Amino acid sequence: MAPAFKPAYLIHGTDHARVGERRARLRAIAETQAGAGGVEVLEGDAATPETVGAALCAMTFAIGRRFVIVDGVERWKDAAVAAHLAGVLADLAPETTVAFFAREEARAKAPAKLHAAVRAAGGDISEQATVKPWELPKWVQAQARGLGLELDAAAARALVAQVGERQQRLSRELEKLALCLGPPAGSASAPSEPVRLDVDAVGELATGGADRKLWLLADALVAGDGPSAARLYLRLRAQGERLEGMSFWMAKRVREALGVALALEAGQP
């Protein structure tokens, strides 16, 4: 059975990784249902309220539902949304779904007029917000409960210290723990009581921070900090990390840093 889609979506927030994950998932579902020809992606300079409004009004030869994915709406202004897009969203063509994605920061946020226009169109708004570091243990406990696990405060703090502060990584680690310790919560064979984990259990079962150390090693190389890079390299090799995998992450990070440096030299913000 094909999923039911609303006319409009706004996915926004400071958790950029989660916003990107939602975008990739929606695009994959859309291409499965409508084919590549039924999905339009507007981003960069092509993604303004005016161009999006014009695209939504344009004729299309796509058969079935049409999907329009719009990136970068955190740069938009209320006045432009009101002038070029609000009226279009209020009268969307049937079988059309438009999804707006905003990777927000302190001064860059999806405009209030876009929130109002999506709601008026009968759409859905979802915020993907990062959790402050000091709030992560409580967040971990809440996520664990949804998976049939119960972590006390000390165990939650230990998991954050061991895995790192990225919410996605913590979520994946909790999922792995749930799979390791029993059937998923909600299944017919799931236990009625949550599985309790203390600090010792977390230390024994949770993944170490090897990936985080790889990023620290790559960052040390980019920063030209030879002593720190050498110490991290030797520590990772001693714990069994393969040279091929380490080389991939180091080279990737250096290439990214070079790309940023070249872009800055070319005058890009």
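Along the sequence shown, residues are numbered consecutively beginning with 1. Only this structure's heavy atoms are used, side chains among them; waters, hydrogens and symmetry mates stay out. Keep in mind that what you see is a predicted model, and the values were worked out from it rather than measured.
- Partners of Leu262 according to the side chain to side chain contact (heavy atoms under 4.5 Å, CB included) rule, which considers only residues two or more places apart in sequence or in another chain, are Leu258, Glu265.
- Identified under the side chain to side chain donor-acceptor pair (under 3.5 Å) test for residues 81-100, with sequence neighbours left out: Arg65-Thr97.
- There is no path of hydrophobic side-chain contacts, each under 4.5 Å, that joins Met250 to Val222.
- Counting only residues at least two apart or on different chains, the side chain to side chain donor-acceptor pair (under 3.5 Å) pairs with a member in residues 110-132 are Thr14-Thr130, Arg18-Gln128, Arg22-Ser126, Ser126-Gln128.
- Applying the ring pair (Phe, Tyr, Trp, His ring centres under 6.0 Å) test to pairs two or more places apart or on separate chains, none has a residue in residues 132-176.
- Ile29 and Val39 fall within a single hydrophobic cluster, where Ile, Leu, Val, Met, Phe, Trp and Tyr are joined by side-chain heavy atoms under 4.5 Å apart, directly or via other members.
- Rounding to the nearest 0.5 angstrom, the gap separating the CG atom in Leu151 from the CZ atom in Arg157 is 11.5 Å.
- Looking at residues two or more places apart in sequence or on another chain, you find a side-chain hydrogen bond (donor to acceptor under 3.5 Å, both in side chains) between Lys252 and Glu256.
- Partners of Ala201 according to the side chain to side chain contact (heavy atoms under 4.5 Å, CB included) rule, which considers only residues two or more places apart in sequence or in another chain, are Leu197, Asp198.
- Residue Phe100 shares its hydrophobic cluster (ILVMFWY side chains chained together at separations under 4.5 Å) with Leu10, Leu42, Val52, Leu56, Val68, Val70, Val73, Trp76, Val81, Leu85, Val88, Leu89, Leu92, Val98, Leu114, Val118, Ile125.
- Val199 and Val160 are not part of a single hydrophobic cluster, where members link through side-chain heavy atoms under 4.5 Å apart.
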Apply the test salt bridge (Lys or Arg N to Asp or Glu O under 4.0 Å) to residues Glu173 and Lys176: give CA-CA distance (whole Å), side-chain angles for both, the deciding distance (0.1 Å), then the verdict. CA-CA 5 Å; Glu173 191 62 36; Lys176 286 192 290 183; 3.2 Å; yes
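- The existence of a salt bridge linking Glu175 and Arg172 is confirmed by a sub-4.0 Å separation between a basic side-chain nitrogen and an acidic carboxylate oxygen.
- Legend: residues meeting side-chain hydrogen bond (donor to acceptor under 3.5 Å, both in side chains) with Arg231, ordered by chain and number and at least two apart, are Ser228.
- In this view, Ala46 satisfies the side chain to side chain contact (heavy atoms under 4.5 Å, CB included) rule with no residue, not counting sequence neighbours.
- Between Ala156 and Val140, the shortest heavy-atom distance links the atoms CB-CG1, 4.1 Å.
- For the atom pair CZ of Phe67 and CG of Leu26, the computed distance is 7.0 Å after rounding to the nearest 0.5 Å.
- For Arg23, the side chain to side chain contact (heavy atoms under 4.5 Å, CB included) partners are Arg27, Val41, Glu43, Ile69, Asp71, Phe101, Arg103, not counting sequence neighbours.
- With hydrogens and angles ignored, the 3.5 Å screen pairs no side-chain donor or acceptor of Glu50 with any backbone N or O of Ala80.
- Applying the salt bridge (charged side-chain N to carboxylate O under 4.0 Å, His left out) definition to pairs two or more places apart or across chains, none involves residues 74-88.
- Here the CG atom belonging to Leu177 is positioned 9.5 Å from the CG atom belonging to Leu147, to the nearest 0.5 angstrom.
- Side-chain contact between Leu136 and Gln167 is present, with at least one heavy-atom pair separated by less than 4.5 Å.
- For residues 215-228, the salt bridge (charged side-chain N to carboxylate O under 4.0 Å, His left out) pairs, not counting sequence neighbours, are Asp219-Arg253.
- Here the shortest heavy-atom pairing between Ala117 and Ala86 reads CB-CA, 4.2 Å.
- Using a 4.5 Å heavy-atom threshold, the side chains of Leu221 and Tyr233 count as separate.
- Distance check: Glu21 CD to Asp15 CG gives 8.5 Å after rounding to the nearest 0.5 Å.
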